[in-house]
Amino acid sequence: MGIPSDDVVLIQEPESAGDPSVITVSCPDKTGLGCDLCRVILLFGLNIVKGDMSTDGRWCYIVFWVMGRGERATRWALLKNRLLEICPVVAMPLVVDEVVGLVQRPQVYLLKFSCFDRMGLLHDVTQVLCELELTIRRVKVSTTPDGRVLDLFFITDNKEQLHLKARKEETCDKLKSVLGDSMTDCDIEVASGDMSCCVNASPLPPTVTEEMFASELPEEESSVSPPKCSPYSSSVSGNSVLSVKVDNLLSPANTLIQIQSEDHKGLLYDIMRTLKDYNIQLSYGRFYTSHNGICEIDLFVVQMDGRKIIDPQKQEALCFRLRMELYRPLCVSLANRGPDTELLVANPVESSGKGRPLVFYDITLALKILQVRIFLAEIGRHVIGDREWEVYRVHLGEGHEIFASRIKIEEQVKKMLMGWD
């Protein structure tokens with residue numbers, strides 16, 4: 001089996017402040033490759049401002065122009081390694097076919113520790129885990145009456161080294177350096193099935209599922225029937241420029257999907273994730289963000305059988321899903337739970353089982369900026385309708401204990417999640 005060379009992923013760092021970095025990928029093609037690459041780029045806190053993607057059916061050529069967000073320094077060498085891991089190995093076609101689909105699920109570990117509560121605690125812990133390349137799968141955080149916090153994190157290790165004593169010690173030492181002497185009982189062990197059952201996600205109230213996960217677009221849009229002939233198009237009032245069109249006349253071999261949308265963090269990831277879920281293969285794509293924050297995307301695609309998307313029902317289903325993902329990539333809501341205020345954030349899970357990167361990081365950062373304490377936090381998976389959702393439930397304490405207004409909390413969380421200035 002071949003090994004990817006250094007030429008598979010090339011990264012050109014910006015020559016001056018304010019210029020984009022350029023990421024070039026050249027490797028064998030696979031369905032969902034664009035989605036997987038966009039997910040890694042999003043995980044490193046980068047925003048794709050321009051992109052060109054093409055494939056000849058066997059080899060893929062991708063160029064992304066990316067910009068950093070915030071003050072987080074980009075670890076370019078590590079980013080390159082993570083992108084290389086996504087790319088199929090450079091090997092003979094028969095060998096590639098034999099290894100397709102043989103993806104091993106990562107080992108899940110339980111990290112548990114206790115410490116005294118303080119403002120921004122959960123975000124600081126989340127930041128340490130992100131820097132260590134530990135992915136949070138589930139979390140259960142609770143505050144005791146005496147002011148101590150008991151944290152249970154179900155995590156996976158991108159380095160696949162958490163079974164080693166040195167890696168465990170590194171993790172606990174990093175946490176202790178942030179949390180100080182108040183941290184006690186730091187322990188990491190393999191998570192068994194019994195442990196997972198102990199932190200099963202709490203059921204969502206019916207009112208939450210009805211309000212947050214409604215699959216309808218605004219009434220004036222969902223009631224508009226598509227034209228009987230191609231192209232099929234529509235826009236959404238919540239995103240004044242959002243438009244999705246399908247055209248089978250321009251290209252003899254591909255279906256053209258044209259998208260116009262307001263920009264948000266992870267926009268290209270949301271599009272590529274949808275195509276991956278529908279088993280749509282990309283032949284050529286072009287992505288551009290203008291100075292006024294409007295994105296123009298042209299995607300030439302085919303089905304798994306190499307044919308155009310001719311069926312009007314398939315066209316309508318794909319366009320509807322794309323509009324939904326761009327109109328509402330995440331759901332954010334504040335609700336009263338008895339005397340407490342609860343923040344709920346939900347995002348769809350990929351068909352591969354992966355959740356959206358850095359959601360918990362952004363939530364905790366937004367609350368830390370507003371000086372809002374977190375008394376209880378939980379990440380769980382819920383199947384609603386025909387989709388699986390990752391739901392973040394954060395209890396913020398009683399209403400009189402929250403100094404920021406509900407509107408301000410919701411706006412700050414949305415701003416952080418969507419990457420708005």
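What you see is a predicted model, and the numbers here were worked out from it, not measured in a lab.
With hydrogens and angles disregarded, a donor-acceptor distance shorter than 3.5 Å links the side chain of Arg381 to the backbone of Gly353. Side-chain atoms of Asp298 do not come within 3.5 Å of backbone N or O of Arg286 as any donor-acceptor pair. The backbone N or O of Ile309 lies less than 3.5 Å from a partner atom in the side chain of Gln315, making a donor-acceptor pair. Looking only at distances, no side-chain donor or acceptor of Arg137 sits under 3.5 Å from a matching main-chain atom of Val108. Looking at Arg39, its side chain does come within 3.5 Å of a backbone N or O of Gly355 through a donor-acceptor pair. A donor-acceptor pair is defined here as one N or O able to donate and one able to accept, closer than 3.5 Å; no such pair exists between the side chain of Arg393 and the backbone of Gly380. Between the Gln371 side chain and the Lys368 main chain, a donor and an acceptor come within less than 3.5 Å of each other. Without hydrogens or angle criteria, Asp36 side chain to Ile86 main chain gives no donor-acceptor distance under 3.5 Å. A donor-acceptor pair is defined here as one N or O able to donate and one able to accept, closer than 3.5 Å; such a pair exists between the side chain of Lys265 and the backbone of Met416. Put simply, the side chain of Gln303 gets close to the backbone of Lys308: a donor and an acceptor are under 3.5 Å apart.
Between atom SG of residue Cys38 and atom CZ of residue Phe287 there is a gap of 8.5 Å, rounded to the nearest 0.5 Å. To the nearest 0.5 Å, the span separating OH on Tyr361 from OG1 on Thr126 amounts to 9.0 Å. In this structure, the separation between NZ on Lys80 and CD1 on Ile23 is 11.5 Å, given to the nearest 0.5 Å. Taking OG from Ser261 and CD1 from Ile297, the interatomic distance works out to 6.5 Å, rounded to the nearest 0.5 Å. Atom NZ in Lys50 sits 4.5 Å away from atom CH2 in Trp65 (nearest 0.5 Å). Separation of atoms CD1 (Ile280) and OG1 (Thr255) is listed at 8.0 Å; rounding is to 0.5 Å.
Using a 4.0 Å cut-off between charged nitrogen and carboxylate oxygen, Lys414 and Glu410 count as a salt-bridge pair.
Across all their heavy atoms, Cys27 and Trp59 have their closest contact at N-NE1, 3.4 Å. Shortest non-hydrogen contact noted between Asp157 and Leu162 is OD2-N, 3.0 Å. Pairing each heavy atom of Cys87 with each of Val9, the nearest pair is SG-CG2, 4.2 Å. Closest heavy-atom contact between Gly45 and Leu358: N-CD1, 4.2 Å. Of all heavy-atom pairs spanning Tyr278 and Ala317, the tightest one is OH-O, 3.6 Å. Heavy atoms only, all atoms of each residue included: Leu299 and Gly285 are closest at CD2-CA, 4.0 Å.
Under the 3.5 Å distance criterion, with hydrogens and angles disregarded, no donor-acceptor pair is assigned to the side chains of Ser243 and Gln260. Defined by atom type and a distance below 3.5 Å, a donor-acceptor pair is missing between the side-chain atoms of Gln107 and Tyr109.
Taking a 6.0 Å sphere around CZ of Arg148, one finds it holds more than 12 heavy atoms contributed by other residues, nucleotides or ligands. Taking a 6.0 Å sphere around CZ of Arg307, one finds it holds 12 or fewer heavy atoms contributed by other residues, nucleotides or ligands. Other residues, nucleotides and ligands contribute at most 12 non-hydrogen atoms within 6.0 Å of the CG atom of Asp181. Counting non-hydrogen atoms of neighbouring residues, nucleotides and ligands closer than 6.0 angstrom, the NZ atom of Lys174 reaches no more than 12 such neighbours. When the shell of 6.0 Å around NZ of Lys176 is examined, it contains more than 12 heavy atoms from other residues, nucleotides or ligands.
Counting heavy atoms from C-beta outward, Cys319 and Val244 have side chains that approach closer than 4.5 Å. For the pair His395/Thr143, no side-chain contact is recorded, criterion being any heavy-atom separation below 4.5 Å from C-beta on. Tyr392 is not listed as a side-chain neighbour of Val139, based on a closest heavy-atom distance of 4.5 Å or more. In this structure the side chain of Arg167 reaches within 4.5 angstrom of the side chain of Leu132, judged on heavy atoms. Annotation: side chain of Ile374 is not in contact with side chain of Ile363 (no heavy-atom distance under 4.5 Å). Between Leu396 and Ile409 the shortest side-chain heavy-atom distance falls below 4.5 Å. Two residues are said to be in side-chain contact when any heavy atoms from C-beta on lie closer than 4.5 Å; Leu318 and Leu275 meet this criterion. Between His264 and Asp270 there is a side-chain heavy-atom pair separated by less than 4.5 Å.
Cys pair Cys186/Cys172: SG-SG separation is below 2.5 Å.
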(request) For the pair Asn47 and Asp263, evaluate side-chain contact (heavy atoms from CB on, under 4.5 Å) and give the outcome as yes or no after the intermediate values. (result) CA-CA 10 Å; Asn47 185 45; Asp263 192 17; 3.7 Å; yes
(request) Applying salt bridge (Lys or Arg N to Asp or Glu O under 4.0 Å), run through Lys408 and Glu411 and close with a yes or a no. (result) CA-CA 5 Å; Lys408 194 171 183 179; Glu411 287 179 348; over 6 Å; no
(message) Quick one, Ser352 with Lys276, criterion side-chain contact (heavy atoms from CB on, under 4.5 Å). Give me CA distance, side-chain angles, the key distance, then yes/no.
(response) CA-CA 9 Å; Ser352 62; Lys276 181 179 179 181; 4.1 Å; yes
(request) Tell me, with the steps shown, if Leu175 and Leu111 meet side-chain contact (heavy atoms from CB on, under 4.5 Å). (result) CA-CA 11 Å; Leu175 288 171; Leu111 164 65; 4.0 Å; yes
(message) Test side-chain contact (heavy atoms from CB on, under 4.5 Å) on Asp151 and Met183; report intermediate values, then the result.
(response) CA-CA 11 Å; Asp151 292 339; Met183 190 188 79; over 6 Å; no
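Under the side chain to side chain donor-acceptor pair (under 3.5 Å) rule, Ser283 has a single partner from Asn254, Asp56, Asp29, Thr55, which is Asn254.
By the 30° and 60° cut-offs, the orientation of the rings of Phe153 relative to Phe113 is parallel.
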